[in-house]
Amino acid sequence: MCGIIGIVATSEVAPALYDGLTVLQHRGQDAAGIATAVGTQLRVHKGNGLVRDVFDARAMALLEGRVGIAHCRYPTAGSEGTDEAQPFYVNSPYGIALAHNGNLINTDALRREVFEEDRRNINTESDSEVLLNVFAHELDRERSLSPESAFRAIEGVNRRSRGGYAAVATVLGLGLVAFRDRHGIRPLVLGKRVVDGSDEYAVASESVALDILGFERVRDVRPGEGVVVTARGELHTRMCAEPGEPAPCIFEYVYFARPDSMIEDISVHKARMRMGVTLGEKILRERPDHDIDVVIPIPDTSRDSALELASVLGVKYREGFIKNRYVGRTFIMPGQGERAKSVKRKLNPIPLEFRGRVVLLVDDSIVRGTTSRQIVQMARDAGARKVYLASAAPPVRHPNIYGIDMPTPEELIAHGRSEAEIERMIGCDWLVYQDLADLEAAVAGPKFPGRRFDSSCFSGEYITGVEPGYFERLQQLRSDDAKRQRRLAL
Ligand SMILES: O=P(O)(O)OC[C@H]1O[C@H](OP(=O)(O)OP(=O)(O)O)[C@H](O)[C@@H]1O
Ligand SMILES: NC(=O)CC[C@H](N)C(=O)O
Ligand SMILES: [Mg+2]
């Protein structure tokens with residue numbers, strides 16, 4: 001899952017883009033980049049690493065301009081190489097830089113089309129470079145450059161592209177362009193601030209980026225909608241696709257987004273608290289005579305749910321694992337070896353919270369099972385009498401194809417396994433998962449009952465449909481094994 005942000009201001013935007021990226025860092029730790037428009041030039045600086053490692057004073061000085069976009073990357077396509085860091089750039093028409101969060105599922109067909117019919121070169125394996133070239137080609141068909149022509153180009157993109165995408169672009173001579181796929185799978189939110197009487201706008205993956213930059217959250221960009229903010233600060237919006245059924249990704253609420261963000265008018269923090277309540281109620285239903293002494297969250301993401309769950313059970317909540325704040329998120333690391341090592345470096349138990357106790361560990365989700373297997377063992381080693389495990393999300397049994405890098409069913413611990421088998425593999429005394437209907441109701445909350453989400457990694461239902469052979473090809477390209485081979489070749 002990547003983080004994107006675009007800003008049009010009345011003063012230099014690079015410092016704000018940088019600050020915005022630092023609060024979107026949890027969405028992608030592999031690479032980062034900023035592109036700004038100044039006069040007739042696009043300035044781009046990008047590289048592998050965390051935001052703070054990619055930019056230094058020299059790079060920031062280069063990034064002049066009052067219109068710009070930025071990206072932090074967690075790859076779902078292509079390699080982890082520097083040349084696939086974003087934003088991507090094309091010099092024609094006008095000069096366009098684009099940053100993308102999501103994953104296209106018709107990349108191969110589009111890549112062929114772009115080369116054979118649009119006669120454009122794609123230099124990397126990245127789906128985002130394909131998306132940029134589709135947009136560039138569609139814009140090139142227009143006679144002039146205006147918000148209207150950009151909207152028609154976005155219509156073209158939406159007609160041709162399938163998958164999950166939220167994108168920001170800067171087009172020389174126009175300003176900032178942003179768009180979102182017709183199901184709104186990936187998030188994108190619009191913000192506004194007034195500086196010395198002038199309007200300034202920003203779009204970002206998460207509202208937390210708007211908050212820290214002093215932009216007020218106006219609303220989410222609608223599924224299929226295009227947004228243009230001209231370099232002079234005029235906002236234009238238009239629907240650029242046949243309306244599709246909205247299906248925002250539920251995994252944003254489960255794991256990806258920061259709790260202090262609002263997505264689709266739903267507070268991520270509140271959604272997680274409600275997940276804790278419904279999971280607690282399930283435990284009370286299924287194990288009314290439970291013997292749990294203490295509820296312990298697996299930091300960071302599960303905290304909101306664990307606290308509420310403990311209160312529903314009427315059991316005390318304790319922080320039993322201390323997280324090394326200098327180790328990043330482990331789930332979004334590229335290789336299994338690195339992920340497994342990082343859990344140990346990241347979490348350390350406080351034995352007195354475990355010794356002689358029956359503990360219920362709570363995590364937001366169990367994906368590959370890397371975290372839970374180690375954590376359960378750590379709890380036992382720290383002296384727990386019994387170790388139970390609760391997951392605020394249902395079993396992840398199916399690949400995600402819209403921007404979360406879980407492409408290979410065999411790598412998912414729950415794929416093709418019953419809950420009893422998973423329990424045995426994880427080594428806990430019992431395991432409880434949230435039911436999907438409860439998760440969806442918890443996220444929708446009282447304000448949006450019955451709202452539909454993209455829950456494909458739990459249900460196996462893909463709102464875009466999937467071409468035959470797609471999963472097999474994805475697996476060949478993106479399994480941990482394939483990634484290891486590619487890294488060796490770099
Ligand atoms: O079953 P797994 O494959 O281990 O994946 C699931 C775990 O990974 C994530 O934690 P992560 O360390 O990435 O981030 P966090 O600190 O935000 O919880 C998530 O919160 C789970 O703890
Ligand atoms: N997680 C994402 O949003 C990834 C964006 C894009 N598919 C890439 O791999 O760079
Ligand atoms: Mg975690």
Side-chain angles (χ1 to χ4, degrees), residues 1-4 24-33 46 71-81 83-88 98-105 107 124-132 163-167 185-187 205 249 251-252 254-259 272 297-306 321 323-325 327-334 336 338-340 342-343 345-347 361-376 389 391-393 395-396 400-407 411-414 422 425-426 477-478 480:
M1 190 67 42
C2 305
I4 57 174
L24 296 176
Q25 183 77 82
H26 59 284
R27 301 180 65 85
Q29 302 168 164
D30 282 39
K46 58 184 183 174
H71 187 267
C72 52
R73 181 172 190 230
Y74 157 52
T76 61
S79 74
E80 287 104 46
D83 50 343
E84 298 193 10
Q86 302 194 34
F88 278 101
L98 177 139
H100 162 224
N101 169 212
N103 192 56
L104 301 183
I105 62 168
T107 312
T124 69
E125 292 303 308
S126 165
D127 59 329
S128 310
E129 194 187 4
V130 174
L131 184 68
L132 166 58
Y165 49 92
I185 298 174
R186 299 269 60 96
S205 299
C249 171
F251 215 69
E252 292 278 350
V254 169
Y255 167 69
F256 259 101
R258 269 180 50 151
R272 288 185 187 155
I298 300 178
D300 273 324
T301 302
S302 69
R303 284 199 173 109
D304 295 310
S305 308
F321 291 104
K323 182 182 162 188
N324 176 351
R325 69 184 69 198
V327 175
R329 297 184 114 183
T330 48
F331 171 73
I332 60 175
M333 288 179 174
Q336 183 56 19
E338 206 177 337
R339 284 191 290 259
S342 294
V343 176
R345 277 186 282 145
K346 176 175 162 172
L347 295 166
L361 306 180
V362 180
D363 210 347
D364 51 86
S365 56
I366 302 170
V367 183
R368 297 178 180 87
T370 319
T371 310
S372 13
R373 275 198 260 199
Q374 295 194 35
I375 284 290
V376 167
L389 179 65
S391 163
V396 177
N400 185 294
I401 57 173
Y402 301 128
I404 301 173
D405 196 34
M406 13 198 234
E411 288 167 11
L412 306 171
I413 194 168
I422 306 165
M425 284 187 75
I426 289 174
L477 287 172
R478 305 262 345 135
D480 275 337

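When a residue number appears, it is its place in the shown sequence, counting from 1. Order of appearance sets the numbers: ligands from 1, and atoms from 1 within every ligand. Note that the coordinates shown come from a computational prediction; the quantities given were computed from them, not determined experimentally. Both backbone and side-chain heavy atoms feed into the values below; hydrogens, waters and symmetry mates do not.
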Element-labelled atoms of ligand 2 that are located less than 4.0 Å from some non-hydrogen atom of [X]:
X    : answer
A77  : 9 (O)
P75  : 9 (O)
D127 : 6 (C), 7 (N), 8 (C)

Beyond-backbone contact of [X] with [Y], side-chain heavy atoms, under 4.5 angstrom:
X    : Y    : value
L412 : V367 : yes
F251 : S365 : yes
S391 : D363 : no
R345 : N324 : no
N103 : N400 : no

Item to complete: Classify the contact between P299 and ligand 1 as side chain, backbone, both or neither, using a heavy-atom distance cut-off of under 4.0 Å.
Response: backbone

Among all protein non-hydrogen atoms, which one is nearest to [atom], and what is the separation to 0.1 Å?
atom                    : value
atom 9 (O) of ligand 2  : T76 N, 2.9 Å
atom 4 (O) of ligand 1  : T371 OG1, 2.5 Å
atom 13 (O) of ligand 1 : Y255 OH, 2.6 Å
atom 4 (C) of ligand 2  : C2 SG, 3.0 Å
atom 8 (O) of ligand 1  : F331 CB, 3.3 Å
atom 10 (O) of ligand 2 : R73 NE, 2.5 Å
atom 5 (C) of ligand 2  : G102 O, 3.3 Å
atom 12 (O) of ligand 1 : K346 NZ, 2.4 Å

Discussion item. For the backbone of I4 and the side chain of S205, can you confirm whether one donor and one acceptor N or O come within less than 3.5 Å of each other?
Written reply: yes

Item to complete: Look at the side chain of S126 and the backbone N and O of S128, then say whether any donor-acceptor pair between them is shorter than 3.5 Å.
Response: yes

Worksheet entry | Heavy-atom gap S372 to ligand 1 smaller than 4.0 Å | no

Discussion item. Against ligand 1, does H26 come closer than 4.0 Å with any heavy atom?
Written reply: no

Practice prompt. Kindly indicate whether a cation-pi arrangement holds for K346 with F321, taking the cut-offs as under 6.0 Å to the six-membered ring centre and within 45° of the axis.
Written response: no

Practice prompt. Could you say whether the N/O atoms of S365 and ligand 1 ever approach to under 3.5 Å?
Written response: no

Worksheet item: Between G328 and ligand 1, does any nitrogen or oxygen pair lie at a separation below 3.5 Å?
Response: no

Item to complete: Applying side-chain contact (heavy atoms from CB on, under 4.5 Å), run through Y255 and I404 and close with a yes or a no.
Response: CA-CA 11 Å; Y255 167 69; I404 301 173; over 6 Å; no

Practice prompt. Please assess E125 against L477 for the test side-chain contact (heavy atoms from CB on, under 4.5 Å), listing each intermediate value before the final yes or no.
Written response: CA-CA 11 Å; E125 292 303 308; L477 287 172; 5.9 Å; no

Worksheet item: Passes side-chain contact (heavy atoms from CB on, under 4.5 Å), E411 versus M406? Steps please.
Response: CA-CA 8 Å; E411 288 167 11; M406 13 198 234; over 6 Å; no

Worksheet, complete the sentence: Under 4.0 Å between heavy atoms, the region of Q86 that gets near ligand 2 turns out to be side chain

Discussion item. Once you restrict to heavy atoms under 4.0 Å, what part of N101 touches ligand 2? Side chain, backbone, both or neither.
Written reply: both

Fill in: salt_bridge(R186, E252) N-O dist < 4.0 Å
yes

Which option wins on minimum heavy-atom distance to [atom]: [options]?
atom                    : options                : value
atom 19 (C) of ligand 1 : T301, D364, I366       : D364
atom 22 (O) of ligand 1 : T370, V327, D363, I426 : D363
atom 3 (O) of ligand 1  : R258, R368, Q29        : R368
atom 6 (C) of ligand 2  : S128, G403, A85        : S128

Worksheet item: What residue among H26, R329, R272 forms side chain to side chain donor-acceptor pair (under 3.5 Å) with T301?
Response: R329

Worksheet entry | Check: S126 N/O within less than 3.5 Å of ligand 2 N/O | no

Worksheet item: Among K46, E129, H100, which residue meets the side-chain contact (heavy atoms from CB on, under 4.5 Å) test with Q86?
Response: H100

Item to complete: Considering the heavy atoms of K323, write down every atom of ligand 1 situated less than 4.0 Å from one of them.
Response: 16 (O)

